[in-house]
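Here the structure is laid out as structure tokens; the discussion comes afterwards.
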Protein chains: 2
Amino acid sequence: MILTVTLNAALDTTYHVDRLVPNSSHRVKEMHGRAGGKGVNVARVLHTLGHPVVVTGFAGGATGAAVRADLARAGLADALVDLAGESRRTVTVVCAAEGDATVFNEPGPHVAEEDWRRFLARFAALVPDAAVVVLSGSLPPGTPVGAYADLTRIAAEHGARTVVDAEGEPLRLAVAARPDVVKPNAAELRATTGEADPDAGAALLRAAGARAVVASLGAAGVLAVTDEGTWRATPPERVAGNPTGAGDACVAALAAGLRDGLAWPEVLRAAVALSAAAVLHPVAGGFDDRARRRFLPDVDVRPGSGSPT
Amino acid sequence: MILTVTLNAALDTTYHVDRLVPNSSHRVKEMHGRAGGKGVNVARVLHTLGHPVVVTGFAGGATGAAVRADLARAGLADALVDLAGESRRTVTVVCAAEGDATVFNEPGPHVAEEDWRRFLARFAALVPDAAVVVLSGSLPPGTPVGAYADLTRIAAEHGARTVVDAEGEPLRLAVAARPDVVKPNAAELRATTGEADPDAGAALLRAAGARAVVASLGAAGVLAVTDEGTWRATPPERVAGNPTGAGDACVAALAAGLRDGLAWPEVLRAAVALSAAAVLHPVAGGFDDRARRRFLPDVDVRPGSGSPT
């Protein structure tokens with residue numbers, strides 16, 4: 001199975017308002033909540049594609065209970081570890097008029113040393129059954145900053161491959177633990193390496209230990225720098241919609257490709273088609289499967305770091 | 001005692017962010033939650049002033065439990081009625097740079113007929129001990145639109161005076177039940193009566209049944225139209241700060257004045273001084289007591305509806 005780790009799992013709450021006017025008061029007309037956090041979104045995508053997947057991380061309090069109830073509704077295997085604190089919410093404000101969304105991410109509950117030890121024990125129990133481990137998203141306060149590095153090392157000891165989607169110090173430390181793939185987006189790559197050029201940034205992460213770097217470049221597709229070569233993969237058309245879950249869909253495709261031992265060009269083809277199909281879906285963790293199948297044969301995958309003209 | 005009714009009690013959550021940028025993602029740097037809803041704010045002010053006060057209304061789920069825990073922390077008597085649904089949150093986004101706040105009010109949990117019957121039974125048990133009943137704020141979905149009218153009639157049957165702070169249809173219906181005081185702000189008065197002129201709006205509400213109308217006019221103070229006469233009361237100076245709780249502070253002063261049998265000019269003096277002192281306090285339900293004492297002798301209270309020049 002594929003094990004997705006969401007240390008800062010969240011209840012993603014959506015507020016529908018007529019218009020967002022800063023410094024004024026808004027009556028929320030409609031709201032709904034669902035389990036979220038990057039790793040949960042990745043798990044949703046993998047589950048929909050038919051891959052066996054297990055969700056772990058932390059969940060606490062009533063918000064944590066709501067997260068678990070929603071995972072159960074979605075049919076996702078829940079191996080979250082209980083936490084004394086209250087899981088965080090994210091609030092996304094969506095306006096009827098405009099398509100875009102304004103997002104507020106709560107920092108998350110405090111993770112005590114003892115909580116982290118309990119998580120490590122759970123992870124050690126799960127990882128022998130995992131072909132691939134996905135480490136995604138922010139760390140809740142109190143988590144060791146080297147959390148993803150430690151989990152990457154433990155996964156490797158058990159022969160599991162790792163995909164890391166993080167940024168800043170947690171990503172820098174994880175890279176030194178030699179993960180199989182890291183997937184920053186352009187902004188994260190720049191923030192983590194200080195390099196504005198994705199090629200140069202990817203080279204730095206590879207030099208620091210990442211076996212492969214797949215940088216997601218939004219509408220321009222992905223740049224992959226690996227031991228076997230460098231590729232650019234570009235979607236066949238520009239898609240408009242909700243970009244929130246595109247990165248998580250990309251990670252899901254990378255994890256599935258690693259598990260199935262696909263060659264890089266095929267992995268990247270699947271990742272770009274799935275990301276574009278996720279943009280067409282209104283909620284992170286979902287994708288338009290007909291669009292995915294339509295895009296798949298037409299994704300432009302070419303060696304080298306240049307984009308198609 | 002004074003009984004404050006908050007049917008849509010809330011967990012008021014504050015998100016501190018660097019800057020609010022619509023259509024972008026925000027990392028919430030600091031957050032805190034406290035019990036809220038207009039009636040809860042009124043109760044906080046009364047409690048601080050030393051008036052015996054009891055809080056009733058609905059509280060449900062984990063959010064309701066957090067509301068109750070915060071009331072206990074504040075030392076407020078909690079007579080909230082349990083609800084199967086989850087109490088609402090309000091989210092206030094505060095920017096470090098600017099002083100203003102952007103507010104999102106969730107609609108609140110569904111109140112079933114059976115819930116409303118249980119509330120009426122609780123209210124009937126509490127009201128014999130109440131000198132004044134305060135009916136404040138929005139109605140959660142499912143509540144009868146005539147809720148405030150019904151509660152006003154029941155209060156009158158038990159000899160309790162009533163202060164209603166509502167708007168729209170719930171206010172219109174309540175007015176017909178002859179409450180002692182209604183306290184709309186200028187916008188609510190206009191929205192409820194269709195009259196842009198506060199005098200004309202107040203006259204309409206009086207004709208419809210309200211014994212007294214105290215319209216809060218922001219920095220311009222209040223206009224009171226009563227059986228004993230009409231007054232304007234104006235704060236001695238312009239205050240800058242957080243206007244959120246000023247209306248609730250005004251209601252608290254009106255309830256306290258009714259309970260103590262003060263003459264209208266004294267009630268209005270207290271209401272304007274307390275409202276202005278609430279603007280100086282960063283959170284609704286609090287006020288700057290030194291400012292209140294300083295303002296009190298200098299509030300301009302004059303008969304008639306004209307404002308001081």
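Lettering of chains follows the sequences in order, A, B, ..., and the numbering in each one begins at 1.
Only the side chain of B:Tyr15 comes within less than 4.5 Å of a heavy atom of chain A; its backbone N, CA, C and O stay farther away. With a threshold of 4.5 angstrom between heavy atoms, A:Ser25 approaches chain B through its backbone and through its side chain. Residue contact with chain B, scored on non-hydrogen atoms closer than 4.5 Å, involves the side chain of A:Val93 exclusively.
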| What do the steps show when you test A:Leu20 against B:Phe104 for side chain to side chain contact (heavy atoms under 4.5 Å, CB included), and what is the final call? | CA-CA 10 Å; A:Leu20 172 57; B:Phe104 301 96; 3.5 Å; yes
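B:Val28 places a side-chain heavy atom less than 4.5 Å from the side chain of A:Pro107.
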With a 3.5 Å cut-off and sequence neighbours excluded, list the donor-acceptor pairs that the side chains of residues 135-147 of chain A form with protein atoms.
from	atom 1	to	atom 2	distance (Å)
A:Ser138	OG	A:Asn8	ND2	3.2
A:Thr143	OG1	A:Pro140	O	2.5

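Taking chain B as the reference chain and counting heavy-atom pairs below 4.5 Å, the highest number among A:Glu86, A:Met31, A:Arg89 is found for A:Arg89.
The environment of CD in B:Glu113 is sparse: at most 12 heavy-atom neighbours from other residues, nucleotides or ligands sit within 6.0 Å.
Of the residues listed (A:Asn105, A:Thr90, A:Thr102), the one engaging B:His26 in a side-chain contact (heavy atoms from CB on, under 4.5 Å) is A:Thr102, and it is the only one.
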